[in-house]
Each structure stands twice: as structure tokens, then as C-alpha cells.
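Reviewing the structure listed below.
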Protein chains: 2
Amino acid sequence: MTEARQQSTSAFVHRGSGTTLWRQIAAQLEQAVRRGDYKPGDQLPTEKALAEEFRVNRHTVRQAMNALSKTGLVSIEQGRGMFVVDSALDYALGPRTRFSDNLQSRQKRPGRELLSADQRHAEADIARALAIPAGALVWEIRTLNRANDRIVGLSTHYVAVSRFPEFADAFRRTLSITAALAACGLNDYKRKTTRITARLAPTEDARQLGIGRNRPVLQTETVNIDENGRPVEFGRARFVADHVTLTIDHGS
Amino acid sequence: MTEARQQSTSAFVHRGSGTTLWRQIAAQLEQAVRRGDYKPGDQLPTEKALAEEFRVNRHTVRQAMNALSKTGLVSIEQGRGMFVVDSALDYALGPRTRFSDNLQSRQKRPGRELLSADQRHAEADIARALAIPAGALVWEIRTLNRANDRIVGLSTHYVAVSRFPEFADAFRRTLSITAALAACGLNDYKRKTTRITARLAPTEDARQLGIGRNRPVLQTETVNIDENGRPVEFGRARFVADHVTLTIDHGS
DNA sequence: CTTTATTTGTCCGTATGTATT
DNA sequence: GAATACATACGGACAAATAAA
């Protein structure tokens with residue numbers, strides 16, 4: 001959106017060159033995107049700005065943009081603007097998928113920032129998921145999760161203090177649920193159930209995720225169990241819906 | 001509705017705290033519902049009772065309740081009272097789950113309304129999912145889905161015309177994907193993959209779902225395959241996020 | 001909550017060049 | 001060549017959706 005970037009894309013169209021104006025515009029914008037002048041998720045200049053830049057009518061720009069949106073290169077949202085489509089992060093949901101595995105297998109660099117690690121008294125729903133008495137002490141670990149430096153979600157993990165008294169310290173050192181549980185003597189666990197809902201981002205989440213208050217978030221609630229089937233961890237994650245697709249491979 | 005339960009919810013609002021009174025009330029009642037103090041179908045205290053409990057004017061309670069009814073958490077019925085709306089529909093995602101099974105196993109009455117059944121040329125993504133050439137003819141079946149008369153979602157199904165020429169007729173008669181495929185000679189199929197995203201309802205979907213344009217929808221894309229692993233059906237469903245929770249049981 | 005500004009969507013009309021019949 | 005249809009390009013006005021104040 002800087003003028004420098006605008007000028008770097010040779011914003012010239014040639015009338016009577018055999019190619020229609022809107023095709024020339026579409027081709028130049030596509031090139032600009034592929035060259036990286038506009039990165040995934042970036043907002044493109046407005047129709048008005050592009051029309052002035054290319055010295056054409058707004059309708060001509062619209063024709064070019066409609067063509068680009070049909071190929072899936074850009075998305076057009078009324079009232080918001082035009083954006084370079086952002087290939088959403090595929091986040092696999094399976095019995096044995098881990099956060100870091102999920103990203104590394106897709107050549108994304110995972111990043112986890114510890115927001116808080118406190119003891120709390122379990123609410124009814126968390127106690128039920130962990131099969132412990134309501135009000136029992138649990139560790140509440142909140143993290144901010146990134147993929148290639150882009151914020152993709154917030155996670156809150158609950159683990160019973162009585163069973164894993166050193167969990168918070170272990171997580172602080174390792175920043176990994178798997179490693180922290182291992183440090184507490186649990187070598188294997190797997191997902192039992194996952195519940196998925198969507199909602200508009202609560203104000204506090206929106207702030208931390210760096211998104212608008214009226215952008216949707218995908219919320220997952222997972223229960224992890226040990227080899228004896230006993231619940232060991234309850235996790236509630238909120239993903240930026242615009243950046244994440246949950247995928248399930250039903251297998252065999 | 002017992003007084004004991006009322007008192008267990010800390011019924012305090014703070015004036016001049018930056019948050020409006022009605023938002024505080026709405027938040028506390030929402031928490032009480034999510035915590036299970038009021039269960040689906042329960043009648044909430046009357047406006048008068050809530051106003052006394054929170055020490056605010058009745059109109060302030062009304063504003064809070066109107067907000068909650070807009071989100072679909074409670075329903076307000078003149079002359080009767082205010083009620084917690086039926087629990088969000090749990091929709092199970094598994095290799096062999098069917099729409100009607102899903103609902104009947106939960107004592108919900110499924111309803112399906114055929115919106116359209118046309119032949120179209122497959123877009124790139126649909127063609128890829130069905131493993132057919134782009135542009136090949138497919139049936140596009142669009143339905144509106146209800147549970148106990150409440151609209152829960154919209155579905156769009158795609159099936160190759162070349163392989164199932166009579167599919168649309170069969171679906172018109174049976175209103176069932178399973179039955180229609182059976183009528184075309186396919187006796188068994190199962191889900192291969194599911195992709196889940198969330199977004200704000202597109203205008204047209206919002207109209208048909210009877211929700212606001214800025215309510216979130218959960219979108220699932222599923223590929224169903226036959227016993228030889230060949231894709232037979234591609235489905236894209238949009239659920240009213242406020243009324244539906246997707247659940248996965250990772251099994252064994 | 002309402003109001004205001006921004007941005008895209010739709011519709012009206014006009015004109016021009018290029019194929020097709 | 002004449003008539004027709006179609007795509008392109010421009011200009012303007014208003015509607016609809018969004019976001020911020």
C-alpha cells in the first residue's frame with residue numbers, strides 16, 4: 001500500500017495492444033502477488049486506488065479482480081476490501097497428533113509463548129472432563145501459538161495438580177505438553193474426544209490473537225487419556241478461523 | 001430456579017467499571033448457563049426476580065436478555081417466561097455417520113428440505129475431490145436441514161453425473177444421500193476426510209438459515225468413498241455455529 | 001446503541017470495436 | 001455492405017456490508 005510499492009509495479013496498461021485492459025491489469029496484479037509485493041493475507045489497494053493507478057475506469061478494475069477471485073488468487077469482501085488469499089494452515093485432528101508434529105510435518109515453524117501457568121480450582125466442566133472432583137486444584141497453562149511467526153491460536157491446558165504436581169515447571173522448561181507430561185512420568189497419551197464449536201472472538205481473545213472482535217474463532221475441546229483410559233489432560237484451543245482449517249483423516 | 005442455586009451465582013454487578021451493567025448481567029447469566037446452573041429447557045427467573053437479584057432496573061435486565069436471545073442462548077416468550085434454549089446439537093463426525101442416524105440416535109427429529117437439484121460443471125476444487133476432470137458434469141443437490149423443526153444447517157452435495165445419472169431423481173424420492181446412492185447401485189460408502197472451517201455467514205446462507213449475517217457458521221467439507229477407495233460424493237455443509245457442536249470420538 | 005466513513009455490489013446508460021450472419 | 005450480437009470500456013448513482021468512532 002505504500003506508494004513505493006505501487007510504483008515498483010509498472011502500473012501501465014496499453015490501449016489497442018491486442019490484449020484487453022482488464023486482462024493486462026489482472027496479469028500485472030497476479031505477477032505482483034507472485035513476486036511477493038503483496039503477501040498472503042495482505043489487503044490490496046481499493047478499486048478506486050487501482051483505477052487511478054492504472055488510469056482506467058473502476059469497472060475495468062472490477063472485471064480484472066473478478067477474474068482473479070475466480071482463480072482463487074484473491075478474495076473480495078464487500079465492505080472490507082480485496083485480499084490476497086491466505087492458504088489456511090491445515091491442522092490435523094487425530095488420536096496421536098501433537099501441536100509441533102502438526103506444524104513441522106508441513107514445513108511450518110511452530111512457536112509457543114507461555115502466557116500464564118497458575119493453579120486454579122476446576123470449574124464443573126473441566127472437573128468432569130478430567131474425572132476429578134469439582135473444585136479440585138488444576139494447573140491452568142495458557143499459551144499463544146504461532147506458525148511461521150503468524151499467530152494461529154490460543155490454548156488453555158488443564159492438568160490435575162494432585163497427579164502431576166511438577167507439571168507447570170516442566171512445561172515452563174520444555175514448552176511442550178508431551179515433554180512436560182513425560183517429565184512427570186507419563187510416557188504416552190492419546191486423544192479420546194474432540195468437540196468443535198465456532199463463535200465470535202471474545203474481546204480478550206481477540207486482543208491476544210490480534211484480530212477483530214467480530215472475526216470468528218474455531219474452538220476445540222480435547223480430552224487426552226493415558227494408556228489405561230484415564231483422562232490426564234483437558235485442552236481448550238481457540239484458532240483464528242481465517243487462518244486455520246481443521247482436518248480429519250478417517251483412515252483405513 | 002431454587003434460591004440456593006441463585007445465590008451460588010455471585011449476583012453482583014459493578015457500576016462504573018467500564019463494562020455496562022447489562023453486559024455484566026448477560027455475561028453472568030451466560031456463564032451460569034454454561035456452568036449448568038440452568039439446563040436446556042429450564043425456565044429462567046422472571047425479569048422482576050433478576051432485577052431484584054442484580055439490584056438494577058427491570059429494563060436493564062431486559063437489555064441483557066435481549067442480547068442473550070439474539071445469540072440464541074435463551075428464548076423469550078411473552079406471557080410465559082424466558083427459557084434456556086435446547087442444547088446445541090452434537091453432530092458426530094466419524095467414518096460411518098449419516099445425517100439421519102446422527103439425529104435419531106439423539107432423539108431429534110430430522111427434517112430435510114430439497115432446495116435445488118441441478119446439473120453443473122464441476123469447479124476445480126470439486127473436481128479434484130471427486131477425482132474427475134475439471135468441468136465434468138456433476139449433480140448439485142442443495143438441502144436445508146432441520147432438527148426438531150429448528151434449522152441447523154445447509155448442505156450441498158456433489159456427485160458425478162457420469163457415474164450416477166439417476167442420482168437426482170433418486171434423491172428427490174428418498175431425500176437421503178445413502179438411499180439415493182443405494183438406488184444407483186452403491187450399497188456402501190464411508191467418509192474419507194473431513195475439513196472444518198469457520199466463517200461469518202455469507203448473505204445468502206444467512207437468509208436461508210434464518211440468522212444474522214454476522215453469525216458464524218461451521219463449514220465442513222467431506223469426501224465419501226466407495227469400498228474401492230474411489231470418491232463418490234463430495235459434500236459441503238454449513239452449520240449454524242450457535243446451535244451445533246461437531247464431535248469426534250477418536251475411538252479405541 | 002447510533003452515526004459516519006469506507007469499500008464493494010448492482011444497476012442505469014452510452015459508446016466503440018469486432019466478429020458473425 | 002448491412003444487420004446483428006457480443007465483449008470491452010467508461011460514467012454515474014445508489015445499495016449493502018463493514019468498521020470505527
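Labels below follow one simple rule: chain letters A, B, ... track the order of the sequence lines, proteins then strands, and each chain is numbered from 1.
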dA7(D) phosphate, OP1 or OP2: any side-chain N/O from T20(A) under 4.0 angstrom?
no
Taken to the nearest whole Å, CG/L21(B) to C1'/dC1(C) is 15 Å
Distance in angstrom units between R80(A) CZ and dA16(D) P, rounded
20 Å
note: Q63(B), atom CD; dT2(C), atom P; distance rounded to Å ~ 10 Å
Which residues in residues 68-78 of chain A have a heavy atom closer than 4.0 Å to any atom of DNA chain C?
I76(A), E77(A), Q78(A)
Output yes when a side-chain donor or acceptor of Q24(A) lies under 3.5 Å from a complementary backbone atom of T19(A), and no otherwise.
yes
Please say whether more than 12 non-hydrogen atoms of neighbouring residues, nucleotides or ligands are located less than 6.0 Å from CD in E123(B).
no
List in chain and number order the residues that pass salt bridge (charged side-chain N to carboxylate O under 4.0 Å, His left out) with R142(B), two or more places apart in sequence or in another chain; answer none if no residue qualifies.
none
Give the nucleotide from the list dT8(D), dC10(D), dT8(C) with an atom nearest to the side chain of E47(A).
dT8(C)
For K70(A), check salt bridge (charged side-chain N to carboxylate O under 4.0 Å, His left out) against everything at least two apart and list the hits.
none
Test of understanding: with salt bridge (charged side-chain N to carboxylate O under 4.0 Å, His left out), list the residues that count as partners of R112(B), not counting sequence neighbours.
none
Is the closest side-chain heavy-atom distance between V217(A) and D205(A) below 4.5 Å?
no
Closer than 4.0 Å, any side-chain N/O of N57(A) to the OP1 or OP2 of dA9(D)?
no
Find the distance K48(A):NZ to dT6(C):P and express it as a whole number of Å.
9 Å
Output the rounded distance in Å from CG (L200(A)) to C1' (dT18(D)).
14 Å
Polar atom pairs (N or O), protein with nucleotides 10-20 of chain C, under 3.5 Å:
none

Can you confirm whether V56(A) sits close enough to L50(A) that some side-chain heavy atom of one is under 4.5 Å from a side-chain heavy atom of the other?
no
Going by distance alone, is a donor N or O of one side chain under 3.5 Å from an acceptor N or O of the other, for N145(B) and S155(B)?
yes
Rounded to whole Å, CE of M65(A) lies from P of dT7(C) at a distance of 14 Å
With respect to the phosphate group of dA9(D), does any side-chain polar atom (N or O) of R23(A) fall under 4.0 Å of OP1 or OP2?
no
Can you name the ring pair (Phe, Tyr, Trp, His ring centres under 6.0 Å) partners of F239(B), sequence neighbours left out?
Y91(B)
Rounded interatomic separation in angstrom, taking CD from Q24(A) and C1' from dT8(D)
12 Å
When rounded to whole Å, the CG to C1' distance for the pair L50(A) and dA9(D) reads 17 Å
